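Naming convention: chains lettered A, B, ... in sequence-line order (proteins, then strands); numbering from 1 in each chain. None of the values given here were measured: they were computed from a predicted structure.
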There are 2 protein chains.
Amino acid sequence: MFKIGDFSRIARVSARQLRFYDEIGLLKPAQADPFTGYRFYTAAQLAQLNRILVLKELGFPLEEIGRIVNDNPSASDLRAMLLLRRNDAERALAAETARLRLIETRIRQIEGDGQMSGEDVIVRAEPARRVLSLRRVLPSFAAALATVGETHALVRRCVPSGELGTLVVIAHAQEFESDRLDAEFGFTLPDGCRAKLDPKGELTLRELEPVPRMAVAVRIELPEEAHLCTAQIGRYLAASGEELAGPSREYFLRLPAADRMQDAVVEMQFPIRRIEP
Amino acid sequence: MFKIGDFSRIARVSARQLRFYDEIGLLKPAQADPFTGYRFYTAAQLAQLNRILVLKELGFPLEEIGRIVNDNPSASDLRAMLLLRRNDAERALAAETARLRLIETRIRQIEGDGQMSGEDVIVRAEPARRVLSLRRVLPSFAAALATVGETHALVRRCVPSGELGTLVVIAHAQEFESDRLDAEFGFTLPDGCRAKLDPKGELTLRELEPVPRMAVAVRIELPEEAHLCTAQIGRYLAASGEELAGPSREYFLRLPAADRMQDAVVEMQFPIRRIEP
DNA sequence: TATTGACCTTCACGTCGCGTCAACCGCGAG
DNA sequence: CTCGCGGTTGACGCGACGTGAAGGTCAATA
């Protein structure tokens, strides 16, 4: 029989922790003095505690450890639990690895630039979306602006107002030529929203493919100053060793009036992939 | 100006999270209606939020993020913070890696054995310790037992009672021969305890070197049944791909009376190292 | 004997980043 | 006029304990 302090020193486990394990029923002392409340542990409980600590090291939550040590599950059950744990551990490992890579990217960036550029660039997955869109090759930026208005008018005839999503512009051109802008203009449709498609119309309904990794930055200046934003993305890509992996998209998170483009809130999205995968 | 719901959908951040960030002062809405309490966010705050999210992804705690976005620290300060973060992330990564390896060891073990042997074996670091000891080569187990008593008597003459540590027996023999037991018998000394060493005595005061990785199991049976315990360790080593890396130690966590060896609580410690490091 | 100092007890709060109710209120639509 | 939606505040929960505070016991020492 050991008092908690001795048991604690022997097992190299804090007395507080032992009291906690008692409280949650994970390791109850063999005896307790009914007057003083003192806990008394046996030597056999040392082995029991060690089993608990081993399971904890494997990453099981205490509650599950309690079930394991009480129910004494079969080898195959235990194997199944370990396989689940391995999954979790692998995901945690991948997450830590990714985080470390991010940090090192930022360090390199700051050592190269003298500042942390691309501070506003975040990477996330983009789900598939249904869009009602038309694609044009346009000779000028002004024409593109006009096409936005045109698209808006067309779409409003097909979709009940209020069920209309956000404007998205997709840049399809391989290389940028300001007098041959190959772009797709559309509006997203929420799930379950059904559009009456005009068969002779120019609009097509299609599914925008999901993108697992998308570099995103928000532009709140005028569209003419979009280069500030794309420059951010470019620096981010250079520093993190990624490259573009498809046509970029601009989501107009808030659609401004036609003559108030400076009120636009535009999310610029660039599909990316790691170089040399 | 966006209401919290719109801002939440735009930024892909839960409204609850936004309220929380407001509460802790990390991202206060640009305006708040004094009557309804409604929060209103501007488009510029979207960029601010994204910066916060980027820093969060790097693993900074919210409190530190708050300082960073408010104080706008210099590039070199930021670099220093990132270096610290990298340290943490590297340690977390190493921990996750080790954990995954442990899990896979156990899975292999269970698939080979049909059970999880070595369940009681834990691995930990052992610090340096001062011991007062003598080393003998003994012809029998009984002689060793007698030597324990002899050592105890000798040590008690040198050390104030109450400042005496635990009995430790170190097995020095390269290979086990039951009629030539090369062992060291000693007692640990707590820090700050000073022993009066008898110059003509057999006891020597020395420092037991620290061991970074020590496989530990607790034996509560009779010393004659120690093989049950060592077998556990052996199976553990085989399954986890480790090998012995020095003389083993037995710590008598509770020193029994000489004739009550079955009351002993002995921690068997085996220094280990990874095969092919 | 009185007093340490070392232990022990229970109770309760802090950690971190939110998720999840619960109760309540204001606003626009049918 | 009522319904539902979207907003508010507030409180509790998680996981695995750490860290006190307030008060009782124990053994040893002055």
Quiz item: Rounded to whole angstrom units, what separation is found between the CD atom of A:E57 and the C1' atom of D:dA16?
Solution: 15 Å

Practice problem: Quickly work out the A:F20 CZ to D:dG15 C1' distance and round it to whole Å. | Solution: 7 Å

Quiz item: What string of B, S and - do you get for nucleotides 24-29 of chain D, 5' to 3', if B is base contact, S is sugar-phosphate-only contact and - is no contact with any protein heavy atom under 4.0 Å?
Solution: BSS---

Quiz prompt | Partners meeting side-chain hydrogen bond (donor to acceptor under 3.5 Å, both in side chains) with A:T36 (sequence neighbours left out) | solution = none

Practice problem: Rounded off to whole Å, could you give me the CZ-to-C1' distance for the B:R39 and D:dT8 pair? | Solution: 7 Å

Quiz item: Are B:R124 and B:E126 close enough for a salt bridge, meaning some N to O gap below 4.0 Å?
Solution: yes

Exercise. Provide the start and end nucleotides, 5' to 3', of the part of DNA chain C that has atoms under 4.0 Å from heavy atoms of chain A.
Key: C:dC8 to C:dA12

Self-check item: Terminal axes of the helix from C:dT1-D:dA30 to C:dG30-D:dC1 (five pairs each): angle between them, nearest 10 degrees
Solution: 40°

Quiz item: Roughly how far, to the nearest 0.5 Å, is the CD1 atom of B:I110 from the CE atom of A:M81?
Solution: 10.5 Å

Quiz item: Expressed in angstrom and rounded to an integer, what is the separation of A:I65 atom CD1 from D:dG15 atom C1'?
Solution: 12 Å

List the atom pairs, with distances to 0.1 Å, where a side-chain N or O of residues 17-27 of chain A and a protein N or O form a donor-acceptor pair under 3.5 Å, not counting sequence neighbours.
| unit_1 | atom_1 | unit_2 | atom_2 | d |
| --- | --- | --- | --- | --- |
| A:Q17 | NE2 | A:Y21 | OH | 3.0 |
| A:D22 | OD1 | A:K28 | NZ | 3.0 |
| A:D22 | OD2 | A:R39 | NE | 2.8 |

Quiz item: Heavy atoms under 4.0 Å, any strand shown: does A:R19 hit a base, just sugar-phosphate, or nothing?
Solution: base

Practice problem: Give the rounded distance in Å between these two atoms: CG of A:L58 and P of D:dA16. | Solution: 13 Å

Quiz item: Just checking A:I24: base, sugar-phosphate only, or nothing, at a heavy-atom cut-off of under 4.0 Å?
Solution: nothing

Exercise. Return the 5'-most residue of the pair B:G37, A:G59 with respect to DNA chain D, ranking by each residue's nearest nucleotide.
Key: B:G37

Quiz item: So which of residues 44-51 of chain B are in contact with DNA chain D, with a heavy-atom cut-off of under 4.0 Å?
Solution: none

Practice problem: Go through the structure and list residues passing side chain to side chain contact (heavy atoms under 4.5 Å, CB included) with A:T166, not counting sequence neighbours. | Solution: A:T188, A:Y251

Quiz item: Which residues satisfy the side-chain hydrogen bond (donor to acceptor under 3.5 Å, both in side chains) test with A:D33, sequence neighbours excluded?
Solution: none

Quiz item: Between B:F2 and B:F7, what is the ring plane arrangement, given parallel below 30°, perpendicular above 60°, and tilted in between?
Solution: tilted

Quiz prompt | Value in whole Å for how far the P atom of D:dG6 lies from CZ of B:F40 | solution = 15 Å

Self-check item: Whole angstrom value for the distance that separates P of D:dG15 from CG of A:L55
Solution: 17 Å

Can you give each donor-acceptor pair under 3.5 Å made by side-chain atoms of residues 53-65 of chain B, sequence neighbours left out, with the distance rounded to 0.1 Å?
none

Self-check item: Any residue meeting side-chain hydrogen bond (donor to acceptor under 3.5 Å, both in side chains) with B:R213, in chain and number order, not counting sequence neighbours
Solution: B:E242

N/O to N/O distances under 3.5 Å, protein versus nucleotides 10-12 of chain D:
none

Quiz item: Of all residues at least two apart in sequence or in a different chain, which pass the salt bridge (charged side-chain N to carboxylate O under 4.0 Å, His left out) check with A:E250?
Solution: A:R219

